[in-house]
Amino acid sequence: MRIAVFGTGEVGSAVAAKLDTLGHDVVYGSRHPRADKDSIPVLSHEDAARHGDWVVNALHGEDAMATLPTLPLAGKLLIDIGNFQSVMSEPLTHTLGESLQQALPDTRVVKTLNFVSAQLMGAPERLPSPHTMFIAANDAGARAEIHQLLQNFGWRDILDLGDLTACRSMEMLAPMWLRLYETLGHVYFNIAVVRDPQA
Ligand SMILES: NC(=O)c1ccc[n+]([C@@H]2O[C@H](COP(=O)([O-])OP(=O)(O)OC[C@H]3O[C@@H](n4cnc5c(N)ncnc54)[C@H](OP(=O)(O)O)[C@@H]3O)[C@@H](O)[C@H]2O)c1
């Protein structure tokens with residue numbers, strides 16, 4: 001799969017490296033195009049958008065909203081891992097996932113991975129017991145495609161939460177993540193939804 005990862009920071013680097021390891025044709029989209037970063041080409045936002053059948057948002061939400069809607073992303077699947085920085089300190093009034101979908105009506109937006117550390121996104125086995133990843137998208141086919149990708153990343157407990165209104169709860173996990181990080185002092189944790197198999 002041809003995949004463009006927007007953002008060369010902590011999340012972009014972790015996800016691009018994992019996708020590269022899995023054999024995908026990966027490029028970065030960056031404000032600063034250059035030959036490569038760890039052997040992955042770093043293209044302009046425009047060129048990266050044209051490269052990817054799938055694109056990954058690894059930008060802060062405010063930057064994503066200023067950048068992604070200006071790009072030729074019609075017909076593509078957008079994996080949104082971002083959060084608004086404002087959600088860390090203010091009540092959530094609108095979500096990034098829904099805002100991106102509204103701004104890009106011909107792009108299939110899928111929300112996932114936004115509430116775990118970059119270190120765990122492609123390495124869920126780093127934690128010693130089962131833990132949960134959520135997916136949301138308005139398009140059921142897109143949810144199924146990303147479910148498969150997450151399985152390839154190593155995720156075993158993947159919960160499909162349905163349409164993008166689920167972003168209202170998924171993005172509220174970002175401040176929870178920050179509080180847990182401040183409490184625990186490291187990034188190696190996640191939530192697990194424990195269910196009664198008989199229910
Ligand atoms: N860090 C985590 O563990 C983690 C976990 C879950 C979710 N997230 C979410 O993932 C997203 C990225 O987080 P991160 O920690 O990877 O951030 P980061 O390390 O700061 O990287 C963000 C990248 O965005 C690009 N960028 C910076 N300013 C920009 C601007 N004004 N316009 C366009 N692009 C800009 C930069 O790439 P270029 O210089 O190449 O353009 C930068 O490397 C955020 O929404 C965050 O909430 C992070």
Side-chain angles (χ1 to χ4, degrees), residues 1-20 24-34 36-37 40-88 90 92-116 118 121-122 133-143 145-146 149-150 153 161 163-174:
M1 185 70 68
R2 290 157 63 98
I3 305 179
V5 176
F6 287 86
T8 57
E10 207 175 353
V11 168
S13 304
V15 170
K18 184 67 181 185
L19 291 167
D20 186 55
H24 293 288
D25 179 358
V26 187
V27 301
Y28 287 108
S30 170
R31 296 165 301 165
H32 309 293
R34 48 197 184 273
D36 64 48
K37 178 179 192 290
I40 296 174
V42 184
L43 309 183
S44 67
H45 288 146
E46 284 275 340
D47 287 346
R50 272 188 277 276
H51 171 94
D53 298 315
W54 289 1
V55 294
V56 175
N57 171 36
L59 306 176
H60 293 288
E62 292 80 354
D63 298 335
M65 286 306 297
T67 304
L68 299 181
T70 69
L71 299 173
L73 296 178
K76 298 173 189 279
L77 186 155
L78 168 59
I79 304 168
D80 173 30
I81 303 179
N83 299 288
F84 285 119
Q85 286 180 295
S86 59
V87 78
M88 298 303 190
E90 298 166 19
L92 184 73
T93 57
H94 57 289
T95 70
L96 177 59
E98 290 172 289
S99 300
L100 285 170
Q101 185 62 85
Q102 194 172 16
L104 292 161
D106 299 321
T107 301
R108 296 181 298 158
V109 175
V110 183
K111 189 88 193 182
T112 195
L113 292 171
N114 68 299
F115 58 92
V116 294
M121 289 176 184
M133 180 46 58
F134 302 129
I135 304 181
N138 293 345
D139 184 285
R143 294 201 299 272
E145 287 179 70
I146 300 312
L149 179 74
L150 289 171
F153 273 25
L161 296 184
D163 70 27
L164 286 170
T165 58
C167 294
R168 299 170 197 179
S169 39
M170 290 173 69
E171 294 183 24
M172 284 172 62
L173 291 174

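Here the structure is a predicted model, which means the values were calculated and not measured.
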* To do: Start with the C-alpha distance between L77 and I146, add both sets of side-chain angles, then the distance that settles side-chain contact (heavy atoms from CB on, under 4.5 Å), and finish with yes or no.
  => CA-CA 9 Å; L77 186 155; I146 300 312; 3.7 Å; yes
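- Between F84 and H60 the shortest side-chain heavy-atom distance does not fall below 4.5 Å.
- With hydrogens and angles ignored, the 3.5 Å screen pairs no side-chain donor or acceptor of T107 with any backbone N or O of L78.
- Using a distance-only test at 3.5 Å, with no hydrogens or angles considered, a donor-acceptor pair links the side chain of Q101 to the main chain of L104.
- The structure places CD of E90 at 11.0 Å from CD of Q85, a figure rounded to the nearest 0.5 Å.
- Under the 3.5 Å distance criterion, the side-chain polar atoms of E171 are left unmatched by any main-chain donor or acceptor of T95.
- Under the 3.5 Å distance criterion, the side-chain polar atoms of R2 are matched with a main-chain donor or acceptor of H51.
- Rounded to the nearest 0.5 Å, atoms CG (D47) and OG (S30) are 12.0 Å apart.
- Inter-residue side-chain proximity for V116 and L173 is flagged as unmet; no heavy-atom pair is nearer than 4.5 Å.
- Residues F115 and F134 form a side-chain contact, since some pair of their non-hydrogen atoms from C-beta on lies under 4.5 Å apart.
- Of the possible donor and acceptor atoms, one in the side chain of N138 sits under 3.5 Å from a partner among the backbone N and O of L164.
- A142 approaches R108 most closely through the heavy-atom pair N-NH1, 3.7 Å.
- For the residue pair E10 and A118, the shortest heavy atom distance occurs at O-CB, 3.8 Å.
- I79 places a side-chain heavy atom less than 4.5 Å from the side chain of L149.
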* To do: Please test N57 against D80 for side-chain hydrogen bond (donor to acceptor under 3.5 Å, both in side chains), starting from the C-alpha separation and ending with a verdict.
  => CA-CA 5 Å; N57 171 36; D80 173 30; 2.8 Å; yes
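- Using a 4.5 Å heavy-atom threshold, the side chains of M133 and F153 count as separate.
- Contact check for I135 versus L161: no side-chain heavy atoms found under the 4.5 Å cut-off.
- Rounded to the nearest 0.5 angstrom, I40 CD1 and S13 OG are separated by 8.0 Å.
- Closest approach of A48 and F6 over heavy atoms only: CB-CZ, 4.1 Å.
- Taking every heavy atom of both residues into account, A49 and L71 meet most closely at CB-CB, 4.1 Å.
- In this structure a side-chain-to-backbone donor-acceptor pair under 3.5 Å is missing from R34 to V42.
- Here the closest heavy-atom approach between residue L73 and residue L68 is recorded as CD1-O, 3.7 Å.
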* To do: For the pair K111 and E98, evaluate salt bridge (Lys or Arg N to Asp or Glu O under 4.0 Å) and give the outcome as yes or no after the intermediate values.
  => CA-CA 9 Å; K111 189 88 193 182; E98 290 172 289; over 6 Å; no
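- Checking side-chain atoms of D139 against main-chain N and O of V109 turns up no donor-acceptor pair under 3.5 Å.
- Two residues are said to be in side-chain contact when any heavy atoms from C-beta on lie closer than 4.5 Å; V56 and I81 meet this criterion.
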* To do: Any chance you could lay out the side-chain contact (heavy atoms from CB on, under 4.5 Å) test for H45 and T67, step after step, and finish with the verdict?
  => CA-CA 8 Å; H45 288 146; T67 304; 3.5 Å; yes
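- Heavy atoms of other residues, nucleotides or ligands lying less than 6.0 angstrom from CE of M172 number 12 at most.
- With contacts defined as side-chain heavy-atom distances shorter than 4.5 Å, the pair L96/V87 does not qualify.
- Surrounding CD of E62 are more than 12 heavy atoms belonging to other residues, nucleotides or ligands, all under 6.0 Å away.
- With hydrogens and angles disregarded, no donor-acceptor distance shorter than 3.5 Å links the side chain of S44 to the backbone of P33.
- With hydrogens and angles ignored, the 3.5 Å screen pairs a side-chain donor or acceptor of S169 with a backbone N or O of A166.
- Note that CH2 of W54 is 13.0 Å distant from CG of D25, once rounded to the nearest 0.5 Å.
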